[in-house]
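In what follows, a structure is listed as structure tokens, so that the remarks can point back to it.
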Amino acid sequence: MDQRAKEDPRVIELQDVAYSYGGAELFAGLTLSLAAGSFQFLTGPSGAGKTTLLRLCYGDLRATAGRVNLFGADAQAMTRDDVAMARRRIGVVHQDCQFLDHLPLADNIALPLQVAGRSMEAQGNLDDLLAWVGLTAQAAQLPPQLSGGERQRAALARAVITSPDVIIADEPTGNVDWEMSQRLLTLLVELNRMGKTVLIATHDMNLIRAAKAQVSASVLRLKDGRLQAGAAL
Amino acid sequence: MTGRVDPRDLAIRALGAVQRAAALLVGDPQADRTVPPTGYTARLTVFTAGAMAFLAVFAIALSLATGRLADRWSAELARTATLRISAPVDQADAQVRSALTVLEQTPGIASARALTDDETRVLLEPWFGPDLPLDALAIPQLIEIVEDADGYDATGLRARLAAEVPGAVLDDHTRWRDPLVAAANRLRALGWTALLLIGAATAAMITLAAQSALTANAQVIRVMRLVGARDAYIARAFVRRFTLRAGAGALAGTAAGMLAVALMPGGDDATGFLTDLGFQGAGWLWPLLVPPLAAIVAFVATRSAALRTLRTEA
Ligand SMILES: Nc1ncnc2c1ncn2[C@@H]1O[C@H](COP(=O)(O)OP(=O)(O)O)[C@@H](O)[C@H]1O
Ligand SMILES: [Mg+2]
């Protein structure tokens, strides 16, 4: 799979994809291609289906029609284990962070390494990463004891600890102030410079503007079930 | 996929299963911690497994004891019969002598022996107490008959006795032996059925407990999935926990059950069924199978519940 991913520059591809949660289709005929090393924003009004689209991209949902390719493999044909393996190459910052509330922050951040059987790599990585997101002092705290911004930084740290090929972040600056959102953006830009593919869902136009000043980011806009490229700012 | 089963493939899979079971026991303490401790279901599982193991020990004891009883009754009683002679005191000795002569001449009878007064007294002791004045009572004289392997013709013998020894009554025990042996066999079958039901009930209760633990930990499962955990990894934390709890509970229950059986009031063979309800010799090894079996039941029940839940949850 590694080999194929290197040959294929498109790490995640959606072709003519439709999705419905059981009722009417949220979107249909949607096509999206995530090129390796690209930096993309997904924007659109609340309820447009951004989160749903991201979940299709990391195999959490299966398209009701169309084709989804993850690292060159047909997502519809993947077993549950295959999806889990693909998930290890995609760092996800979930909209509501999603931690194990009974475990200290450090263990939560190291969780992706642990489930991949790579716990050995954790310690060195973890200390660097905690310092990088400014959470060294909070390492032993439980997630519910943290502020919204701290949780989002922790979620980002967890998403990147395995050094995944792709980082998908859903409203990563949703409940942080401007200064903190700039710090998170800087982290994501830094990761993109290291070669990671980045996809961020946000409705924060200021964030997009700030990003465009640092990297060549493209913007996709999801509205009324359609995806428009190159939304004007 | 050819649909054919390759024995090598089977062997590899069996080896894999053994390895997984070993890994389960050794455990990954990190993986365990991903599921928060649940005191209530934990205690319920331990208690259930303990209570079931306690019952299982008694079911095993019952099955083994009734098995022994059935074997003994059918083996011992099948080869013996009793001849009872009730005759006026002055004719008694003569009738016993002619009865013995008839019996000696009957093909299929290995031996026949008149019980002494002392033996008769011992037989009657449970009813009349010791020091029974036999002379003062008109107690029938008993003759113990032992058949040989081929057996004798009871109808022919009765006809001959009726003619030659008027006071003789032949009791070949079939009248009460057959229903007793049948009852003992039925009791043994019931014991094994009870064991199966105990196993099934344990599996059902552990499945329910595991299911409730899985439901309570839906958020944990979501997070584990998000970070790329495979179903088997997520299931392992639950499976290990329930297997160890069930094993520990069953160990305690088995110990208590064995102790209770060991403390049953003893008796000699003659006192019969109730005091016989226990383990003898190597029979004590049987209940030791209960804890590992409980652990296996818990392992299978939790694993299938976990994998099923994980699969159906989209
Ligand atoms: N699990 C779900 N079941 C049913 N409907 C859902 C579910 N998740 C989201 N939706 C609906 O799908 C639509 C799009 O939701 P979402 O993808 O979260 O949009 P966005 O992230 O753009 O705000 C919304 O109308 C929402 O109510
Ligand atoms: Mg959303």
Side-chain angles (χ1 to χ4, degrees), chain A residues 19 21-22 54-55 58-62 64 70 78-104 106-120 122 142-144 154-155 157-162 164 166 168 170, chain B residues 1 12-13 16-17 19-20 22-42 212-241 303-314:
Chain A
Y19 191 81
Y21 281 103
L54 294 189
R55 288 176 73 190
Y58 60 85
D60 195 31
L61 295 176
R62 290 202 176 197
T64 43
L70 303 183
M78 281 181 161
T79 65
R80 297 174 55 77
D81 279 359
D82 290 340
V83 172
M85 298 319 274
R87 194 76 56 79
R88 293 180 189 181
R89 304 178 61 185
I90 306 172
V92 177
V93 180
H94 196 275
Q95 196 166 6
D96 339 295
C97 298
Q98 304 269 17
F99 294 110
L100 297 180
D101 288 343
H102 64 287
L103 288 186
D107 290 356
N108 266 287
I109 292 173
L111 199 59
L113 285 176
Q114 188 198 315
V115 305
R118 290 163 57 188
S119 306
M120 295 302 134
L142 298 180
R158 184 183 63 187
V160 302
I161 194 164
T162 55
V166 183
I168 293 179
D170 196 354
Chain B
M1 293 256 180
I12 289 169
R13 262 195 260 171
Q19 267 175 350
R20 276 200 303 277
L24 187 87
L25 287 179
V26 177
D28 172 359
Q30 284 293 109
D32 272 14
R33 290 176 57 225
T34 58
V35 179
T38 46
Y40 189 58
T41 29
S212 98
L214 286 159
T215 310
N217 287 296
Q219 169 67 8
V220 169
I221 294 172
R222 247 193 316 276
V223 172
M224 298 298 284
R225 271 229 189 96
L226 194 67
V227 299
R230 289 184 298 127
D231 284 357
Y233 187 94
I234 302 172
R236 198 176 307 147
F238 291 94
V239 170
R240 182 174 139 81
R241 202 167 281 193
R303 190 176 157 82
S304 59
L307 293 183
R308 185 158 15 93
T309 306
L310 291 172
R311 257 198 308 274
T312 52
E313 220 179 72

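Keep in mind that the numbers below use all heavy atoms, side chains included, and drop hydrogens, waters and symmetry copies. Letters A, B, ... mirror the listed sequences (proteins, then strands); counts begin at 1.
Neither the backbone nor the side chain of Arg62(A) comes within less than 4.5 Å of any heavy atom in chain B. Of the two parts of Phe99(A), only the backbone, made up of N, CA, C and O, holds a non-hydrogen atom closer than 4.5 Å to a non-hydrogen atom of chain B.
Heavy-atom minimum distance, Val83(A) versus Gly59(A): CG1-O, 3.5 Å. The heavy-atom pair separating Ala229(B) from Ala84(A) by the smallest distance is O-CB, 3.8 Å.
Without hydrogens or angle criteria, Arg241(B) side chain to Val35(B) main chain gives a donor-acceptor distance under 3.5 Å. Remark: the backbone N or O of Leu310(B) is paired with a side-chain donor or acceptor of Arg225(B) at under 3.5 angstrom.
Annotation: maximal heavy-atom pairing with chain B below 4.5 Å, among Arg87(A), His102(A), Arg88(A), His94(A), occurs at His102(A). Options Met224(B), Arg230(B), Gln219(B) differ in how many heavy-atom pairs under 4.5 Å they form with chain A, and the most are formed by Arg230(B).
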